[in-house]
Every structure is written in structure tokens, then in C-alpha cells.
**Student:** 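Supplied in C-alpha cells, the structure appears directly below.
When reading the values below, keep in mind they use all heavy atoms of this one structure, side chains included, and skip hydrogens, waters and symmetry mates.
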Amino acid sequence: LLECLTPAIQYAENGFPVAANTAKMWKRAYERNLNLYGDKKEFQEWFNTFTFDGKPPEPFQIVKLPNHAKTLRLIGETQGEAFYKGNLADQIEADSLAHNGYLRKKDLEAFESAWVEPLSVNYRGYDVVELPPSGQGMVALMALNVFKNKEVTQRDADYYHEMFEAMKMAFADGMHYITDPLKMRIEPKELLKESYGKKRYAQITPEAKIHTHDDPYTSGTVYLNCADEEGNMVSMIQSNYMGFGSGIVVKDTGISLQNRGADFKLDLSHVNCLAPGKKTYHTIIPGMLMKDGRCVGVFGVMGGYMQPQGHFQVVSNLLDFQLNPQMALDAPRWQWLKEKTFKVESSFDQEIVEVLRKRGHDIIVEKDSTHFGRG
């Protein structure tokens, strides 16, 4: 593990240039945190760690993160034990106690990674594979399971209208059912049956309909994939959630605590009601494409609740239109926001936008492409 972490440790110690888009988002997080937390002492370590002379980094500024280097080296030297059972766990607990937090070393000691059985849907002869709940990979699969009942011939208003409706249906079901797998009211595979997809597809009308009222959030997600010469592939995603996460950084460690708990509800009747030891609905979903039992590709899209929408669009671009991976990511994107409201990129065909508006969709043309995630 130390060998794997050494390049990251060296960058943290010796410095790295901050990419332009990263600097833009870093500045956005700084302004948000300054506005929300600037005068609260429990958030001061964030400013100590992630600002330089009191400011966020400019594009291509060389930045050093010595606490990250120290923490990563300790994790590497102890094969991760320091974080869950050792010095770092002690520091996390001490910081939590200092600011009346609830996280304890025993919580970290009790954690174990889970080996899970992935879920899949066959789409145009390929198996699209996603992780099971409590992640939202099922939302992408449910949308594909509905939409595969359409015969796609061209990228016209019909194509987008039925994609939009399938996506809204999938989110309606996902928001209602997905939670900690031990707490789900229904077996996930029931929602991925071909018969259920056909039933849902039959409910699509020529006019836009409202299927849910939940709003997507923002994100702070990194996706990576890799493959070796033997055909082994890794599809990996990690996220602190809203930008840098909670805004809480553990003193002298660089550890920025996530805020995935933001997706819990406080309504006792809701499937994602807050409870001890419970995993809530979360947005991070690595994807995989298989053909005849063999992995042919891995893919992922960052962007919070954009992620299953991005998976849906990328898979359709690859398999309905035979685009190569770069073209599949470059194609004009859309994002459902709530009710009948969608954002589309400014490169979207304006004639199609007008037809979709006539069908009842509320379309916003968005010039800022960062709203649509990355892939």
C-alpha cells in the first residue's frame, strides 16, 4: 500500500499545480464555506488546510499539503490500520469530542468493507453492471430497463422525450425504495425485471408527466478506471459529497470528513430515515459493461444525482449510436432537476428543445457545462 501511495505523498509534500477547473471549484467551495462557516471554530481547520495566505489557489498555483502527506504515509505504513484502529482514529475521535461531535474510534474499528453481488440489466445485447443499494446505480439500470423497450433510430425529440420520462420514473422508484440494503422494503431485482420495465414503458404518454418531486444536490466526486494487459479492469468512484464534504477537517491530518448523511431524512415514515449504523441512499456509482460474460469496458460519471443520468446517456450513446467512448462523453448532455424541469447544454439542438417544450417539458439551456458532471 505504501508503494501505491508514494506518488501521492510526494505530490502532497513537494507540491503540485492546481488545474484550472479544480481551482474554479475550489474557489466556489471556499466562498461557500466562508459564508456558512467563516466564524465557527470547528470549521477553522478547513481554512488552515485548504487556503494559502488566506485564499484558495489560483489556476496552476503550486500547492503543498503536508498534513495529507503525513497521513497518507501513516496509512501506507500500517496497511490502513492507523485510520481504523490507530493514531488517526484517535485524532478523529479527539477532534470530534472537542467540537461536540458524535464520531468515535469504536465506529471506525467496527467498519468492514463489504463484498457485494452487482446488479445488471441487458441493454442491446450488453450487460450494464452497477453496484447494488444503498447506491443509486439501480436508478440507471431502471431507466435502461424502461427505455430498452423503445426502438431507437435517430436522436430526435421522441428519443429525448422518452429518455426524460424513463429517467423520471427511475428516480421516482429509486427515491422511494433505495436505502441500506438491510432495510429495503423490496428485493432490488424485482424492480429490474423485464416485465416491470415494459409496464413502466407503457405508462409513457406523448405529454410530459410529473413522477417525483425530489431535487438533485451538488457533488464532490472523483471517478477513475484502469485496465491491464490481461483484461482485468477497475471501475472506482470516491466522494466526500458536497465539494469538500462536511467542511470539518480533523486537526493536523488533512482528513476532510464527508457529509453523506445529508441524504438521510428525519421523517420517521421515510425509507431513508436517520438511524444508528444505517447506510443512507448515496449517489456514487461506478459502471461496467459486459458482453457474453466478459468485461468490455468500465465507465463512470461524476455529478451527484447527475450520475445515473450520465450513465443512461453514455450507455445509449455507446450502444444505440455506436459512438466511441470520447464521443459518447462529448455528446450534448441533459439533466433532470425536478418535476418537469430539465437542463440541457447550450450545444443541444434548438429545434428539438422547442418540440420538447411543446410536449410539456420545462427546458433550461445552460451555458455552464460544469452542471452536467464529468466522465
**Student:** Quick one: which residue pairs count as a ring pair (Phe, Tyr, Trp, His ring centres under 6.0 Å) with a foot in residues 124-157, not counting sequence neighbours?
**Tutor:** F147-Y159, F147-F312
**Student:** For T341, check side chain to side chain donor-acceptor pair (under 3.5 Å) against everything at least two apart and list the hits.
**Tutor:** D362
**Student:** Which residues satisfy the salt bridge (charged side-chain N to carboxylate O under 4.0 Å, His left out) test with E109, sequence neighbours excluded?
**Tutor:** none
**Student:** Do W334 and F164 make the cut of ring centroids closer than 6.0 angstrom?
**Tutor:** yes
**Student:** Keeping to residues at least two apart or across chains, list the side-chain hydrogen bond (donor to acceptor under 3.5 Å, both in side chains) pairs with something in residues 244-255.
**Tutor:** none
**Student:** Tell me, which pairs form a side-chain hydrogen bond (donor to acceptor under 3.5 Å, both in side chains) where one or both residues lie in residues 171-192, sequence neighbours left out?
**Tutor:** D173-Y196, D173-R200, T179-N272, E190-K193
**Student:** Only counting residues at least two apart or in another chain, list the ones meeting salt bridge (charged side-chain N to carboxylate O under 4.0 Å, His left out) with K150.
**Tutor:** E162
**Student:** How would you list, by chain and number, every residue that makes a salt bridge (charged side-chain N to carboxylate O under 4.0 Å, His left out) with D95, sequence neighbours excluded?
**Tutor:** none
**Student:** Taking only distance into account, with no hydrogens and no angle test, what donor-acceptor pairs under 3.5 Å do side-chain atoms of residues 130-137 form with protein atoms, sequence neighbours excluded?
**Tutor:**
{"from": "E130", "atom 1": "OE2", "to": "H311", "atom 2": "ND1", "distance (Å)": "2.6"}
{"from": "S134", "atom 1": "OG", "to": "T280", "atom 2": "O", "distance (Å)": "3.0"}
{"from": "Q136", "atom 1": "OE1", "to": "Y281", "atom 2": "OH", "distance (Å)": "2.8"}
{"from": "Q136", "atom 1": "NE2", "to": "T283", "atom 2": "O", "distance (Å)": "3.0"}
{"from": "Q136", "atom 1": "NE2", "to": "G304", "atom 2": "O", "distance (Å)": "3.0"}

**Student:** What residues form a ring-ring contact (aromatic ring centres under 6.0 Å, His included) with F244, not counting sequence neighbours?
**Tutor:** W26, W46, F50
**Student:** Could you pull out all residues at least two apart from F43 that satisfy ring-ring contact (aromatic ring centres under 6.0 Å, His included)?
**Tutor:** Y37
**Student:** Answer yes or no: is there a side-chain heavy-atom contact under 4.5 Å between F47 and N33?
**Tutor:** yes
**Student:** Pairs in or reaching into residues 326-335: which pass salt bridge (Lys or Arg N to Asp or Glu O under 4.0 Å), with residues at least two apart or in two chains?
**Tutor:** R333-E345
**Student:** Could you list the residues that satisfy salt bridge (charged side-chain N to carboxylate O under 4.0 Å, His left out) with D156, not counting sequence neighbours?
**Tutor:** none
